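The structure appears below as structure tokens.
Values in this document were obtained by computation on a predicted structure and should not be read as measured data.
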Number of protein chains: 2
Amino acid sequence: MATSTVENYLKHMLLLSEGGEELVSMGALAEALAVVPGTVTTMVKALADSGHVEHRPRQGVRLTAEGRRVALNVLRKHRLVECFLVNVLKMDWAAVDTEAEQLEHAISDEVLDRLDALLGHPETDPHGDPIPSRQGKLDSQVYATLATCVVEKPLRIVRITDQSAEFLQFVEHNGLLPGESVRVTERNLASGLVTAKKTAGRPLVLSLAAAGKILVQPTR
Amino acid sequence: MATSTVENYLKHMLLLSEGGEELVSMGALAEALAVVPGTVTTMVKALADSGHVEHRPRQGVRLTAEGRRVALNVLRKHRLVECFLVNVLKMDWAAVDTEAEQLEHAISDEVLDRLDALLGHPETDPHGDPIPSRQGKLDSQVYATLATCVVEKPLRIVRITDQSAEFLQFVEHNGLLPGESVRVTERNLASGLVTAKKTAGRPLVLSLAAAGKILVQPTR
DNA sequence: TTAGTTATTTTGATTAGTCAAAATAAACGT
DNA sequence: ACGTTTATTTTGACTAATCAAAATAACTAA
Ligand SMILES: [Mn+2]
Ligand SMILES: [Mn+2]
Ligand SMILES: [Mn+2]
Ligand SMILES: [Mn+2]
């Protein structure tokens with residue numbers, strides 16, 4: 001069995017490679033895992049020995065098919081657990097990522113299946129993050145963000161790509177939850193500011209950095 | 001934070017001391033934790049340094065107030081998780097102990113409280129094991145067993161004190177679940193056999209060893 | 001092309017948890 | 001009371017995961 005450390009390494013590689021093709025740098029992985037780069041190099045070599053990754057020295061690392069399989073299973077657990085915590089236990093959506101970070105390593109595949117059924121086989125977690133299917137299929141659709149979308153077009157918020165409690169609280173406080181309707185009324189590259197408007201409510205000003213973390217879809 | 005290894009050591013000390021007063025031997029602890037005795041000695045000395053236990057060299061070990069507090073919290077998590085797995089996820093009661101062994105270290109106190117509320121503040125787990133209260137109170141009532149009870153008296157089964165899947169499956173298959181009514185019709189010390197009868201159904205023969213794991217209460 | 005900057009790897013050390021096997025202490029039986 | 005059995009402790013070694021700091025390779029800008 002993979003230790004929870006190994007599971008975290010593999011999961012973060014998956015998240016950093018946007019689907020699994022590109023090489024992930026040691027630095028990026030060290031940053032994501034909050035360890036020093038030397039630790040990552042050592043661990044990656046061990047993961048290469050166990051067949052979970054392919055290591056290109058001084059270039060980066062990528063998951064093998066087996067490594068990807070393990071990573072997808074952990075990610076599925078993480079996101080289904082978040083659904084459970086929010087939908088069943090009614091926990092704050094800003095707090096569940098931290099909880100799921102532990103639980104993803106503690107629940108069995110049997111519990112995973114039953115949670116999935118209990119929740120009605122959800123396709124996304126409370127933040128709009130897609131849940132890998134039991135067969136290992138992960139939706140990789142590319143969305144526009146409030147920083148890149150067309151101005152004045154009616155949009156639906158589909159996903160928030162920042163799990164930090166502060167950002168999620170900000171998003172919730174301003175009613176920008178996944179599913180909500182919104183449109184961008186103004187975007188100024190010079191000042192780096194974006195103005196968004198919900199159907200009802202006063203206009204909201206965001207930095208481009210913040211706007212880029214809110215994924216949207218044209219309302220069909 | 002206590003590691004899951006430390007939590008397991010403390011929890012098993014609590015279980016082996018029947019409430020917390022008696023000294024627990026290194027050997028018993030090693031057996032329960034499936035490690036060699038030398039490992040326990042080393043670990044117990046570390047736990048003494050951290051103030052979780054009091055170590056009497058060559059005699060045994062006992063929990064301090066702080067160690068007991070931690071142990072009760074872990075035990076509460078274990079048993080509430082078992083309730084959740086059986087009552088909500090409808091898992092097999094013979095399988096949940098293994099699951100809970102991992103989950104007891106992964107859920108936060110926040111999740112614990114919400115699970116407790118969701119389940120309606122149960123007092124016992126699916127095996128009849130008492131759940132420590134939030135305040136750390138653990139029911140220590142002493143019950144008779146099918147090996148010690150009065151013959152022919154109507155009884156109610158209250159608890160099964162063996163978490164092994166094989167024994168639990170046997171118990172379930174023979175309808176000896178907690179809450180069921182039963183009486184002992186015969187007990188023969190020489191042969192070591194006990195005959196039990198449910199209100200409806202054919203008589204069931206058990207060894208004294210097996211009968212001793214089924215706790216009962218006179219039907220009031 | 002050469003010096004400087006940055007990322008990665010290597011080396012040596014540390015901590016938690018474990019085992020095997022030897023040493024020691026206590027208990028037991030005659 | 002003395003040798004034997006049993007439980008416990010000690011010692012030395014190992015694995016997984018980590019960091020600090022030095023070494024190295026690769027890129028970058030003049
Ligand atoms: Mn994790
Ligand atoms: Mn999420
Ligand atoms: Mn456990
Ligand atoms: Mn139980």
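Residues in residues 126-136 of chain B take part in these side chain to side chain donor-acceptor pair (under 3.5 Å) pairs, two or more places apart or across chains: B:Glu82-B:His127, B:Asp113-B:Arg134, B:His127-B:Gln163, B:Asp129-B:Arg159, B:Asp129-B:Gln163.
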What nitrogen or oxygen pairs link the protein and nucleotides 15-17 of chain D at under 3.5 Å?
{"unit_1": "D:dA17", "atom_1": "OP1", "unit_2": "A:Thr3", "atom_2": "OG1", "d": "2.5"}

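Heavy-atom neighbours of B:Glu31 CD from other residues, nucleotides or ligands within 6.0 Å: at or below the threshold of 12. Within 6.0 Å of CD on B:Glu66 lie more than 12 heavy atoms contributed by other residues, nucleotides or ligands.
Not a single donor-acceptor pair under 3.5 Å links the side chain of B:Arg62 to the backbone N or O of B:Val24.
Of all nucleotides in DNA chain C, those with any atom nearer than 4.0 Å to a heavy atom of chain A start and finish, going 5' to 3', at C:dA7 to C:dT10.
Salt-bridge formation is detected for the pair A:Lys11/A:Glu101: a Lys NZ or Arg NE/NH1/NH2 atom is positioned less than 4.0 Å from an Asp or Glu carboxylate oxygen. Salt-bridge check for A:Arg56 with A:Glu54: passed, with a basic side-chain N closer than 4.0 Å to an acidic carboxylate O.
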Derivation of the side-chain hydrogen bond (donor to acceptor under 3.5 Å, both in side chains) call for A:Gln141 and A:Tyr143:
CA-CA 6 Å; A:Gln141 195 176 332; A:Tyr143 291 100; 3.2 Å; yes
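Using a 4.0 Å heavy-atom criterion, one finds that B:Gly27 contacts the sugar-phosphate atoms exclusively.
Exactly one residue among B:Asp139, B:Asp125, B:Val158 makes a side-chain contact (heavy atoms from CB on, under 4.5 Å) with B:Pro130. That residue is B:Asp139.
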